[in-house]
Protein chains: 2
Amino acid sequence: MPVVKSRREQYSEATRAALIAAATRRFATDGYAATGLEDVAADIQATRGAVYHHFSSKKALFEAVLEVLEGQSTERIGSAYRAAPDRWAGAMAALDAFLDQCLDPVYSRVVWREGPIAMGWHGWHQTEQKYAYGTITLILGEMLADGLLAPMPLRSLADVAFSAIGAAGHGLAEAAPTDQTRLRAEYRDVLIRMITGLRGDAEQTAT
Amino acid sequence: MPVVKSRREQYSEATRAALIAAATRRFATDGYAATGLEDVAADIQATRGAVYHHFSSKKALFEAVLEVLEGQSTERIGSAYRAAPDRWAGAMAALDAFLDQCLDPVYSRVVWREGPIAMGWHGWHQTEQKYAYGTITLILGEMLADGLLAPMPLRSLADVAFSAIGAAGHGLAEAAPTDQTRLRAEYRDVLIRMITGLRGDAEQTAT
DNA sequence: CTTACTGGCATACACTGCGTATGTAACCAA
DNA sequence: TTGGTTACATACGCAGTGTATGCCAGTAAG
């Protein structure tokens with residue numbers, strides 16, 4: 001395996017990257033369904049042939065786009081979590097990082113709105129196990145292990161939490177830019193109250 | 001307007017209802033994308049012409065299906081809420097009714113999984129304001145007004161709660177029938193803990 | 001330098017499925 | 001019975017995906 005790539009390989013990689021970039025823009029602005037592969041190809045002065053050479057299907061192209069976006073995002077959120085002094089602060093930092101991430105309209109639209117549409121709910125959810133859903137599960141699992149949260153089944157907890165946090169991110173992304181600062185604080189408040197309700201020391205009076 | 005309908009009208013209504021029923025089954029088992037209007041029509045020994053006579057588009061057919069399902073469901077959940085002695089018990093009853101509803105695979109798949117795919121997230125969410133989302137907003141609004149929950153913006157709260165509850169219903173619907181009883185209790189527990197965290201008397205220590 | 005080969009992409013075609021335009025027969029009203 | 005309307009069927013256009021094939025630049029071997 002040559003360590004330095006041939007010109008052909010470099011060109012090929014460049015077009016592949018350009019296709020992913022163009023597809024990202026199209027999917028983010030027009031949505032998955034309304035984006036034709038013709039459009040994507042035209043954006044980089046190529047034809048659909050190029051697309052089908054690099055990706056086996058439209059869905060596969062979307063998956064490549066999603067992996068890039070989620071890879072970056074998960075990295076950011078994860079490092080915010082790890083940088084914090086303790087688990088609780090880490091969870092808060094991760095939440096903040098996530099909400100910040102959702103202020104990027106490309107991220108929120110492609111990952112959270114188009115994702116399930118393009119890949120089907122199952123496929124999307126499965127992919128998410130490597131990224132946002134997986135991160136949330138990890139954090140909650142450690143909080144449970146440390147006794148920060150009352151004992152409860154991780155899977156069910158993660159399902160609900162993932163969806164709740166996603167809704168906040170989604171609502172944030174949809175909002176007008178002028179409202180985003182206020183809304184971000186609101187969602188944050190609601191989510192933190194909810195998480196606090198799950199703490200090990202929180203008394204439960206309800207049936 | 002004749003109070004007794006002509007035979008033509010009766011026949012027409014019957015086929016319309018049959019189309020909705022057939023479409024409901026198809027959408028629930030094969031999903032929106034994989035269902036062709038040809039299939040739906042064939043199921044009732046008709047052609048696509050009949051479909052396009054009664055509905056302006058595939059999406060419109062789906063909306064009709066969704067309205068029927070959500071109408072029934074919202075009615076059940078609402079009456080469970082109203083039958084309870086007080087607001088808190090009402091909220092619990094509504095939650096129970098919703099989780100029960102999600103045990104119906106048709107309801108959960110069509111409304112919660114295919115809905116956003118078929119109508120786009122916006123269209124779906126907008127329609128939901130008449131049904132599940134609207135009901136949740138109503139209940140939470142009354143709880144806020146009664147001081148049962150700590151003061152917080154209704155809209156953000158409803159967004160997060162709607163999504164959290166939806167995730168529970170969704171997870172429940174996906175599960176193997178043997179696990180559903182256990183899972184139902186798990187989700188219920190998690191959700192009630194979260195709601196309890198929002199109560200007016202819950203102390204908050206987090207930042 | 002030539003030759004043979006491979007990889008990257010373009011072109012052309014098949015197929016599916018939605019939507020629309022047009023046809024037709026049953027029904028109803030005058 | 002006749003004229004019009006309603007409920008559907010039939011036929012067509014069109015968009016968009018996927019596939020099969022062709023072509024040319026780039027690379028490697030002799």
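In what follows, every chain begins at residue 1, and chains take the letters A, B, ... in the order their sequences are listed.
Protein atom CD of A:Gln45 is 15 Å distant from nucleotide atom C1' of C:dA10, rounded to whole Å. Taking atom CG of residue A:Asp39 and atom P of nucleotide D:dT17, one finds them 8 Å apart after rounding to whole Å. As rounded to whole Å, 14 Å separates atom P of C:dG19 from atom CZ of B:Phe62. With rounding to whole Å, B:Leu37 atom CG is found 16 Å from D:dT10 atom C1'. When rounded to the nearest whole Å, the span between OH of A:Tyr52 and P of D:dT21 equals 17 Å. The nearest whole Å value for the distance from the CZ atom in A:Phe55 to the C1' atom in D:dT19 is 18 Å. The interatomic distance linking A:Arg26 (CZ) with D:dT17 (P) rounds to 12 Å, in whole Å. For the pair B:Asp30 CG and C:dG17 C1', the interatomic distance rounds to 15 Å; values are reported in whole Å.
A:Thr15 comes within contact range of the sugar-phosphate backbone alone, with a heavy-atom separation under 4.0 Å but no base atom that close. The residue A:Ser56 sits apart from the nucleic acid: no heavy atom pair falls under 4.0 Å.
If you check C:dC9, C:dG19, D:dA9 against the side chain of A:Ala50, the one that comes closest is C:dC9. With D:dC8, D:dT17, C:dA10 as the choices, the nucleotide that has an atom nearest any side-chain atom of B:His54 turns out to be D:dC8. Each of C:dC18, C:dC9, D:dG18 was ranked by its minimum atom distance to the side chain of A:Ser12; first place goes to C:dC9. Taking every side-chain heavy atom of B:Lys58 into account, C:dG19 is the closest of C:dG19, D:dC8, D:dT19.
Between A:Thr47 and C:dC9 there is no side-chain N or O to OP1 or OP2 distance below 4.0 Å. Between A:His53 and C:dG8, a side-chain N or O to OP1/OP2 separation shorter than 4.0 Å is present.
Here the options are A:Tyr133, A:Trp112, A:Tyr131, the test is ring-ring contact (aromatic ring centres under 6.0 Å, His included), and the partner is A:His125; only A:Tyr133 passes.
Mapped onto DNA chain D by nearest heavy atom, A:Gly49 and A:Glu38 fall at different nucleotides, with A:Glu38 at the one closer to the 5' end.
At a cut-off of 3.5 angstrom, the base of D:dG16 holds no donor-acceptor pair with the side chain of A:Arg48.
Between B:Phe27 and B:Tyr32, the ring planes are tilted. Angles from 30° to 60° get that label.
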Please report the C-alpha distance between A:Glu142 and A:Ile139 in whole Å, then the side-chain angles of each, then the deciding distance to 0.1 Å, and finally whether the side-chain contact (heavy atoms from CB on, under 4.5 Å) criterion is met.
CA-CA 5 Å; A:Glu142 292 186 343; A:Ile139 294 176; 5.8 Å; no

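Inter-residue side-chain proximity for B:Asp30 and B:Arg25 is flagged as unmet; no heavy-atom pair is nearer than 4.5 Å.
When atom types are taken as modelled, the side chain of B:Arg184 and the backbone of B:Asp96 share a donor-acceptor pair closer than 3.5 angstrom.
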